[in-house]
Amino acid sequence: MIIDDEAASLVSLGMIAIKTVGLRKIYKSGLARKVEALKGLDLEIEEGETFGYLGPNGAGKTTTLKLILGLMHPTSGAAYILGKDSRTVGVRNEIGFLPEQPYFYSYLTAYEFLSFYSRLFDISNGSCRQRIDELLALVGLKGKGHLQLRKFSKGMLQRLGIAQALMNDPRVIFFDEPFSGLDPIGRKEIRDIVLKLKERGKTIFFCSHILSDVEMVCDRVGILVNGELKAVGRIDSLLEAKLKSVEIAFSGLGEKAKEKIRPIATRMLDQADKTLAVVPDRKAADQVVRIISEEQGSLISLTPIRETLEDIFLKEVAG
Amino acid sequence: MRKIQAIMINTFREAIRDRILYNLLLFALLIIGGSILLGTLTIGEQQKIIKDMGLASISIFGTLIAVFVGIGLVYKEIERKTIYNIIAKPVHRYQFLIGKYLGLILTLLVNVLIMTGVFLSIVYFMDGSVKLKLIEAIFLIFMELMIVTAIALLFSTFTTPTLSAIFTLAIYVIGHLSRDLKVFGAKSELAWVRHLTKFLYYLMPNLENFNIKGMVVHNLTLPANFTLLSSLYGLLYTGILLLVAIAIFQQRDFR
């Protein structure tokens, strides 16, 4: 029985890819001044999940990342990756990391650069060559292996950064602001790579404030404000719950019929060949649709307007 | 071990692409070569001048390379945040630091070998032979450079490059004068001054232990086992410096 319990807890531990318990960091600035950058973060991310970690600049996103990756020591609390304390060096064999605005050694060629990191993972020379070719192909840099990094564009560097993060075929990948400073094409390329990784069942932890991109790739998001987690949830349920309004377009109704709709709608707008009514919720929308059919008008469109991630984000940040 | 080696080679690669290194090396070679000209101004002492200037150049420029290239390398990794990506890999912090140190030592070794090559060629050309003692003197200079590099590395784990350079050069100077510290302290009548100077004497590196330039140039006999004892002292002192550097680096937050 005891053994079974142990096995069960091991399995459940294996399911959690990233976990933080009361993770806290206080920076000392000067002699007496202290800044609490992270106020006891509790977070659980399951294996295979794509998690967007959002927050305005200075909210503590990078601090969280650095604590999890062992770049800083927490004031209190702990972080676990795949059930192991994240400070143990061995755990990092399972981690991939793309730092923000990666400066890489500009005097190296892409090939030298990747083989340097492969040695840090103890990948044997034989399999390293093959792995590097695979990775360059994955990120669309095939044939660029012998170019020095100083000749790379920002988007190419970012893709190379992803290649090095995947060197060890990690189970958990951390991306810090992967979209910053990229043009729309560059962003799409990165998004495609992320979706590919997602298909392969990788756990992806995203720090970002480009919300539209996060909305497209992430399953779940957390919003961090001033070192505190203000909201966590699945993107669809966060958005679903918050229907802002419904827009109904119709035509073929006389003034009398329109008067029936006016008290229900929050706004009505006559356009050339149609009328637009904005109603606050689904129930009001049903009513309007009934009136249109009773009065023998024709319904052109019905559009639910949901809150975007950006609206939720702004609301949480404003408190 | 492979990880330390990877960091060492990467450090070496970065160092040999640094412009400061070539400027310093060029100057050193010019001065070593220039000693021939200066030597012609003296009568009968030409060989001594050449040896004196050659050994001094290797020592001084070696030190400058150790300090300026050494300090920049660790600081640059932190400043440009490339270190984030190394610490986030399965690499112990001590492996990073040892790798950096060995990369610098390799850089110094190559530079000292180049300077030595030019120097010994000139000596051979003028003298017709090269005495083993000269090589012994250069070996001890290299031991000294190992300590200076470790000092530079230690400071660069917790302070800025400018301060590191000032501190390291200050310790270099103190290290060459530390015997005076002991002599001065022994003359004092105050007990605490005697204790303090004695403490500082043992704390600071005694870099004169590696200076046999004068004796070699003037053909004086060295005390028995001098080179061996100095080397052991150098290795021990370097080891302690690296341990302290690792202890500080281990605690450090990369903000």
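Residue numbering restarts at 1 for every chain, and letters A, B, ... go by the order of the sequence lines.
The distance from atom OH of A/Tyr117 to atom CG of B/Asn85, rounded to the nearest 0.5 Å, is 4.0 Å. Atoms CZ and CG, from A/Phe113 and B/Asn10 in turn, are 10.0 Å apart once rounded to the nearest 0.5 Å. A distance of 9.0 Å separates CG of A/Leu120 from CD of B/Gln95, quoted to the nearest 0.5 Å. Atoms CZ and CG, on B/Arg93 and A/Leu71 in that order, are 7.0 Å from each other to the nearest 0.5 Å. Once rounded to the nearest 0.5 Å, the distance linking OH of A/Tyr107 with CD1 of B/Ile16 reads 10.0 Å.
Few gaps surround NZ on A/Lys198; more than 12 heavy atoms of other groups in view lie less than 6.0 Å from it. A 6.0 Å sphere centred on CZ of B/Phe158 holds more than 12 heavy atoms belonging to other residues, nucleotides or ligands. Remark: A/Asp169 CG is packed, more than 12 non-hydrogen atoms of other residues, nucleotides or ligands lying under 6.0 Å away. By the neighbour-count criterion of 12 heavy atoms within 6.0 Å, atom NE2 of A/His73 is densely surrounded, having more than that number from other residues, nucleotides or ligands.
With contacts defined as side-chain heavy-atom distances shorter than 4.5 Å, the pair A/Met167/B/Lys89 does not qualify. Using a 4.5 Å heavy-atom threshold, the side chains of A/Leu69 and B/Tyr84 count as separate.
When all heavy atoms are compared, the tightest approach of A/Arg92 to B/Ile87 is NH1-O, 3.1 Å. Closest non-hydrogen pair, A/Phe121 versus B/Pro90, comes out as CE2-CD, 3.1 Å. Taking each heavy atom of A/Arg119 and B/Lys3 in turn, the nearest pair found is O-CG, 3.7 Å.
Of the two parts of B/Ile9, neither the backbone nor the side chain holds a non-hydrogen atom closer than 4.5 Å to a non-hydrogen atom of chain A. Within the 4.5 angstrom heavy-atom criterion, only side-chain atoms of B/Glu77, from C-beta onward, approach chain A. Using a 4.5 Å cut-off between heavy atoms, B/Arg252 contacts chain A through its backbone alone, with no side-chain atom that close. Only the backbone of B/Gln250 comes within contact range of chain A, judged by heavy atoms closer than 4.5 Å.
At least one donor-acceptor pair under 3.5 Å links the side chain of B/Arg2 to the backbone N or O of A/Ile123.
In this structure, A/Lys66 forms no cation-pi arrangement with B/Phe254, as its terminal cationic atom is not both closer than 6.0 Å to the ring centre and no more than 45° off the ring axis.
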